[in-house]
Chemist: 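The structure under discussion is supplied below as structure tokens; questions concerning it will follow.
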There are 2 protein chains.
Amino acid sequence: MTINGSAVTVDLVLLTIRAGALHVLLIRRGIPPFKGRWALPGGFVLSGEDLEDAARRELREETGLDPTAGHLEQLGTYGTPDRDPRGRVFTVAYLALLPDLPAPVAGSDAAGADWLAIEGLEDLAFDHDRILADGVERARAKLEYTPLATAFCPPEFTIAELRGVYETVWRARIDARNFHRKVTGADGFVEATGQSVTRERGRPAQLFRRGPAALLHPPLLRPGS
Amino acid sequence: MTINGSAVTVDLVLLTIRAGALHVLLIRRGIPPFKGRWALPGGFVLSGEDLEDAARRELREETGLDPTAGHLEQLGTYGTPDRDPRGRVFTVAYLALLPDLPAPVAGSDAAGADWLAIEGLEDLAFDHDRILADGVERARAKLEYTPLATAFCPPEFTIAELRGVYETVWRARIDARNFHRKVTGADGFVEATGQSVTRERGRPAQLFRRGPAALLHPPLLRPGS
DNA sequence: CCGTTAATCGTCATGTTGACGATAATAGCG
DNA sequence: CGCTATTATCGTCAACATGACGATTAACGG
């Protein structure tokens, strides 16, 4: 029943926050086309394999990370006829938001895999510039009305760390006091572990974990818009 | 470079509002598999054809409508291995929001194409139940923070008609006075044609057309949530 | 003990929301 | 033509949310 016999791949936009900047995991291509250029990690969907399973498998292969941490969602499908010079290849892009991995990128099957700062990135292989841009925009938008910012954090985090996520992803300064009020006030966004405090330089902060809410009410709106 | 030689199709979730209820365009399958069952319109992506072009082409073929009216966006891709008994078929679903077509469904290449009320629909072919549900949920969500409700309306419409869209899609009653205030107050949502009024039974209403905004600020939040 | 730093609580003017009263402008009808 | 039903549109008000920013608290490094 194959009519056009196309290839279907899965590509991953893996985002994390390192050193106060949004980073994406890229792989330097060792073979043509686009040899030597950075590309999103990805690969072919295996026969009999579900799309999301393929994404999860790639995630594990590229990061060595168990995909239970963080967040994974389908971003969109890209199928412009000439996007791959080798032939017709459709790619289903997935977006993952991950906490800064203490474990290095190990076990990645591609040569040079590395986290690169988003800022100013360009000239990726294929149409990965656009896929990346779409992923970043999706992440920015979703922080507004979902509790997904917690996906960038370790299981337990402080309000200030969560605020740092918003400030980094949105490239905006946020008033610490109002942010604290909104986040602790939003229904089910975070819940205090109560038990603990932590410190770094100033007054110790309470630790929180993500709450049960799937949607934020009310949403946190981006400043500029 | 074809590794797994899969088939890629485009399926359409065409939504419109008729008689105060949300309707979807379905086609009764004339051949197996799922012969006699309702299915979303769709078809194979042609070689050399862009995904969105394929969606637009199907839209035109199924509805005879020029896809400039209304709204079309990618909904998601479905590729569970056994979703099509004939083999591995990935389908890229598109969601379209259309005004109630005065023109009947003409020129559709499938036998029985018809608009069916969403309410209580089930047992569609393939995984179209889920695709439809995802499309409806997407439409519901997008009415909150985009001006897409206007895609269900003719080029010029009254605030009451727009309110009817929200009430139908959200299955909720909305206070006419507050709705009027919010919609006319939201930046770029609608703009008065000024020139005209229309009537049906009560006081004549002003006519509006959709404004330039792509996002609603502030959003219109669903009541229940 | 003191300054520095960061967390957290408060206050206040302003803006938004939901509930609902009041008016305005038509059509239909006797 | 006045009356009534119907719908559009404007207003009012209390509850709540928001942004700006002051004040207090609890650590740290000297």
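Each chain gets a letter, A, B and so on, in the order the sequences are listed, and its residues count up from 1. What's counted below: heavy atoms across the whole structure, side chains too, no hydrogens, waters or symmetry copies.
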Chemist: Using a cut-off of strictly less than 4.0 Å, decide whether A/Arg177 has a side-chain nitrogen or oxygen near OP1 or OP2 of C/dT8.
Modeler: no
Chemist: Distance check needed: C/dG21 P versus B/Arg181 CZ, whole Å only.
Modeler: 15 Å
Chemist: Taking the side chain of A/Arg199 as heavy atoms from C-beta outward, which of D/dA27, C/dT17, D/dA8 is closest to it?
Modeler: D/dA27
Chemist: Atom CZ of B/Arg173 to atom P of C/dA19: distance rounded to whole Å?
Modeler: 10 Å
Chemist: Which sits closer to the 5' end of DNA chain C, B/Pro218 or A/Ala176, going by the nucleotide each is nearest to?
Modeler: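 On the 5' side of the pair lies A/Ala176.
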Chemist: Send over the distance from A/Leu221 CG to D/dT18 P, rounded to a whole Å.
Modeler: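 From A/Leu221 CG to D/dT18 P: 8 Å.
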Chemist: Any side-chain N or O of A/His180 less than 4.0 Å from the OP1 or OP2 oxygen of C/dA7?
Modeler: no
Chemist: Mapping A/Asp175 and A/Ala205 onto DNA chain C by nearest heavy atom, which one lands closer to the 5' end?
Modeler: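 The 5'-side residue here is A/Ala205.
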Chemist: Output the rounded distance in Å from CZ (A/Phe179) to P (C/dA7).
Modeler: 12 Å
Chemist: Ignoring backbone atoms, test whether A/Arg201 places a side-chain nitrogen or oxygen under 4.0 Å from the OP1 or OP2 oxygen of D/dC28.
Modeler: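 Negative; the distance criterion is not met.
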Chemist: Quiz question: going by heavy-atom distance under 3.5 Å, is there a donor-acceptor pair between the base of D/dA27 and the side chain of A/Arg203?
Modeler: no
Chemist: What integer distance in Å separates A/Phe157:CZ from C/dA6:C1'?
Modeler: 18 Å
Chemist: Side chains of B/Asp134 and B/Tyr78 only: does a donor on one sit below 3.5 Å from an acceptor on the other?
Modeler: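 Yes, because at least one side-chain N or O of B/Asp134 sits under 3.5 Å from a partner of the opposite role on B/Tyr78.
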Chemist: Tell me the interatomic distance from B/Arg163, atom CZ, to D/dT7, atom P, rounded to whole angstroms.
Modeler: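 Interatomic distance, CZ of B/Arg163 to P of D/dT7: 10 Å.
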Chemist: Among C/dT26, D/dT9, D/dG19, which nucleotide has an atom closest to any side-chain atom of B/Pro204?
Modeler: C/dT26
Chemist: Give the nucleotide from the list C/dG18, D/dA8, D/dC21 with an atom nearest to the side chain of A/Asn178.
Modeler: D/dC21
Chemist: Can a side chain N or O of A/Lys182 be found less than 4.0 Å away from OP1 or OP2 on D/dT18?
Modeler: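 Looking at the OP1 and OP2 atoms of D/dT18, one of them is under 4.0 Å from a side-chain N or O of A/Lys182.
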Chemist: In whole angstrom, what separates A/Ile159's CD1 from C/dA7's P?
Modeler: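 Taking CD1 of A/Ile159 and P of C/dA7, I get 10 Å after rounding.
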Chemist: Are B/Arg138 and B/Glu73 close enough for a salt bridge, meaning some N to O gap below 4.0 Å?
Modeler: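 Yes, B/Arg138 and B/Glu73 are salt-bridged.
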Chemist: Go through the side-chain N and O atoms of B/Thr16 and B/Asp100 and say whether any donor and acceptor fall under 3.5 Å apart.
Modeler: no
Chemist: Atom CD of A/Glu144 to atom P of D/dT18: distance rounded to whole Å?
Modeler: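 Between P of D/dT18 and CD of A/Glu144: 12 Å.
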Chemist: Quick check, are the ring centers of B/Phe179 and B/Tyr166 under 6.0 angstrom apart?
Modeler: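 Yes; B/Tyr166 has its ring centre under 6.0 Å from that of B/Phe179.
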Chemist: Would B/Glu144 and B/Arg222 pass as an ion pair if we require N to O under 4.0 Å?
Modeler: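 Looking at B/Glu144 and B/Arg222, the cut-off is met.
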